[in-house]
Amino acid sequence: MNRKMLSLNIGTTLAGLALALAPLAPAAAARLGNATVMNAATGVSLQVQSLNKTMSDGKSVLFWIFCPGGGGMGGCNITGPTLELGAGQQLNVTLNMMMAPQENPPYQGHTIHWHGLDVLQSEDGVPETGASVLGDNYSFSIDSRYVGSHMYHCHVHTVKHLEMGMYAPLVVKAVDNAGNFLDVINNGGPAYDYEWNLMYSSVDPAYHTAVGDSTVFADYNPKYFLINGNEGRSKSVPAETVTAAPGKKVAIRLFGIQSVNTSFEIKNASGTSQSFTVHNKDGYKLPSTQTLTRLDLSPGQTADVMVTLPSTSSSWYPQVTFKNLRNGAAYANGTAYTRLNF
């Protein structure tokens, strides 16, 4: 073997050894659903835009929604973009108010409030404590206690702007030493193969046309019940259908921005309730996990649950039943369905 070939072989061997020893970036879990997902640490711009949605009864309802900035109406849906942030990383979000629909004074403008996070008052998006309503930049970091599901929403005339659709998920993720997101349900918690965000909300159309201090806001009578911005009135017409692989672990993140109480369940094709494990409530790791077949969430709550799918192919129906705050009774047509194929 000549010197050139010897050098090439040694170099190739060393390169292969270095590659074998190099740390690999963690494999990313597959995302289920159609939501737009944005890394809030890389510089995100959001705009507020209008969207008219035709409901199941043929009537149109006007919504105001957070959209990715600079892209026309691309990526604009009821339930705004999901923002992800690693623990210890710096959030960098700009709210652009150019051409934003808004109310007249004293309720003009919009903010972003980081629901469930303990941040500086200057970053909290509350006008009464000094937040700008004419557009702002938001920057903060949070630690590993917050790994889990949170939300962001407008905090101007909250009773109306929440109802108009100004809300979206915020997911805080654990990271490795290189800053890569880890697909674990909480800091130090178990890993999953798929993740699926379900944000549920309710709609009282009277709120969408009322202005100022209308007496309409003294009562709440929801007519439509949404998961990820869609009604999902039956198993045959679910709000969202996703597909995973049999035998895999699925993290389901629940975001309850509705103005009424709810119960979350998973049922199989025969209507039998399936158990799931609750790992986080309101963005915090539980002292011990809970295995349930039904989970109640009040307005503004979140939860992170996990299921292990059976090894044989079938379909499950994660569903949310919306309940009257006063008496706990389920609303007529108040169950919204999704479908999970595997």
Side-chain angles (χ1 to χ4, degrees), residues 33 35 51 53 55-57 59 61-66 77-82 113-116 148-171 196-210 216-234 238-240 252-266 278 280-283 292 294-305 317-338:
L51 181 150
K53 183 177 179 65
M55 311 307 288
S56 57
D57 57 4
K59 295 181 179 179
V61 176
L62 174 67
F63 290 86
W64 295 342
I65 53 177
F66 290 113
N77 299 291
I78 302 170
T79 301
T82 296
H113 170 66
W114 311 97
H115 187 95
S149 295
H150 308 270
M151 297 181 276
Y152 65 97
H153 62 80
C154 181
H155 214 295
V156 176
H157 199 192
T158 313
V159 67
K160 179 176 173 70
H161 293 202
L162 269 182
E163 176 71 23
M164 291 296 292
M166 299 192 66
Y167 47 75
L170 170 66
V171 179
W196 189 16
N197 294 341
L198 298 181
M199 175 162 257
Y200 31 98
S201 54
S202 51
V203 177
D204 181 345
Y207 275 45
H208 291 242
T209 56
V216 166
F217 298 122
D219 197 8
Y220 190 70
N221 297 288
K223 188 173 183 179
Y224 310 110
F225 306 94
L226 312 181
I227 300 179
N228 292 348
N230 297 309
E231 288 185 75
R233 288 169 60 91
S234 69
E240 191 167 77
I252 304 177
R253 305 182 186 278
L254 307 176
F255 304 84
I257 201 66
Q258 79 292 335
S259 296
V260 296
N261 286 329
T262 58
S263 291
F264 171 78
E265 299 173 275
I266 302 174
V278 185
N280 309 327
K281 289 283 282 299
D282 299 325
L292 305 172
R294 187 182 72 187
L295 176 63
D296 295 332
L297 286 185
S298 297
Q301 289 196 298
T302 67
D304 298 292
V305 309
Y317 297 89
Q319 54 198 256
V320 179
T321 299
F322 294 77
K323 300 178 179 180
N324 192 300
L325 280 172
R326 297 182 181 89
N327 57 25
Y331 285 98
N333 300 315
T335 298
Y337 299 88
T338 63

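Being a predicted model, the structure only gives us computed values, none of them experimental.
H155 is linked by a side chain to side chain donor-acceptor pair (under 3.5 Å) to T158, counting only residues two or more places apart in sequence or in another chain. The side chain to side chain contact (heavy atoms under 4.5 Å, CB included) check on P238 picks up T241, R339, with sequence neighbours excluded. Residues meeting the side chain to side chain donor-acceptor pair (under 3.5 Å) test with N221, sequence neighbours left out: D219. By the salt bridge (Lys or Arg N to Asp or Glu O under 4.0 Å) test, R233 is found to be paired with no residue, residues two or more places apart in sequence or in another chain being considered. For the ring pair (Phe, Tyr, Trp, His ring centres under 6.0 Å) test, no residue two or more places apart in sequence or in another chain qualifies with Y317. Taking the side chain to side chain contact (heavy atoms under 4.5 Å, CB included) definition, one finds that S149 meets it with R253, F255, T302, D304, sequence neighbours left out. Remark: Y152 pairs with no residue by the side chain to side chain donor-acceptor pair (under 3.5 Å) rule, at least two apart or across chains. Considering only residues two or more places apart in sequence or on other chains, K281 meets the salt bridge (Lys or Arg N to Asp or Glu O under 4.0 Å) condition with none of them. Among residues two or more places apart in sequence or in another chain, the side chain to side chain contact (heavy atoms under 4.5 Å, CB included) test is passed with N261 by S298, P299, K323, L325. Applying the side chain to side chain contact (heavy atoms under 4.5 Å, CB included) test to T262 and every residue at least two apart in sequence or in another chain returns Y200, Q258, L297, V320, F322. The side chain to side chain donor-acceptor pair (under 3.5 Å) check on D204 picks up nothing, with sequence neighbours excluded. Shown here are the ring pair (Phe, Tyr, Trp, His ring centres under 6.0 Å) partners of W64, two or more places apart in sequence or in another chain: H110, H161.
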**OP:** Carefully, step by step, assess N77 and K53 under the rule side chain to side chain donor-acceptor pair (under 3.5 Å).
**Re:** CA-CA 10 Å; N77 299 291; K53 183 177 179 65; over 6 Å; no
**OP:** Show your reasoning for whether side chain to side chain contact (heavy atoms under 4.5 Å, CB included) applies to R294 and E265.
**Re:** CA-CA 5 Å; R294 187 182 72 187; E265 299 173 275; 3.8 Å; yes
**OP:** Show your reasoning for whether side chain to side chain donor-acceptor pair (under 3.5 Å) applies to Y220 and S202.
**Re:** CA-CA 10 Å; Y220 190 70; S202 51; 2.9 Å; yes
**OP:** Mind running side chain to side chain contact (heavy atoms under 4.5 Å, CB included) on D57 and Y224 for me, showing each step along the way?
**Re:** CA-CA 10 Å; D57 57 4; Y224 310 110; 2.7 Å; yes
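Panel note: side chain K160, backbone A210; a donor-acceptor pair is recorded below 3.5 Å. A distance-only check finds no donor-acceptor pair linking the side chain of H208 to the backbone of F63 [under 3.5 Å]. In terms of modelled atom types and a separation under 3.5 Å, the side chain of T338 and the main chain of E240 share no donor-acceptor contact.
Between A239 and I227, the shortest heavy-atom distance links the atoms CB-O, 3.6 Å. Here the shortest heavy-atom pairing between L295 and A303 reads CD2-CB, 3.6 Å. Scanning all heavy atoms of the two residues, the minimum distance from A330 to T321 falls at CB-CG2, 3.7 Å. Pairing each heavy atom of G229 with each of T79, the nearest pair is N-OG1, 3.8 Å. P318 and W196 make their closest contact through CG-CZ3, 3.7 Å (heavy atoms, listed as atom of the first residue, atom of the second, distance). Considering all non-hydrogen atoms of both residues, N280 and G148 come closest at ND2-CA, 3.9 Å.
Between H153 and M166, the closest side-chain pair of non-hydrogen atoms is not below 4.5 Å. With a 4.5 Å cut-off on side-chain heavy atoms, T335 and F225 do not count as touching. Side-chain contact between I266 and I252: present, with at least one pair of heavy atoms (C-beta onward) separated by less than 4.5 Å. Put simply, the side chain of K223 reaches to within 4.5 Å of the side chain of K59, judged on heavy atoms. No side-chain heavy atom of M199 sits under 4.5 Å from any side-chain heavy atom of L226. With a 4.5 Å cut-off on side-chain heavy atoms, Y207 and S259 do not count as touching. Between S263 and D296 there is a side-chain heavy-atom pair separated by less than 4.5 Å. Counting only heavy atoms from C-beta outward, the side chains of L198 and N228 approach each other to under 4.5 Å.
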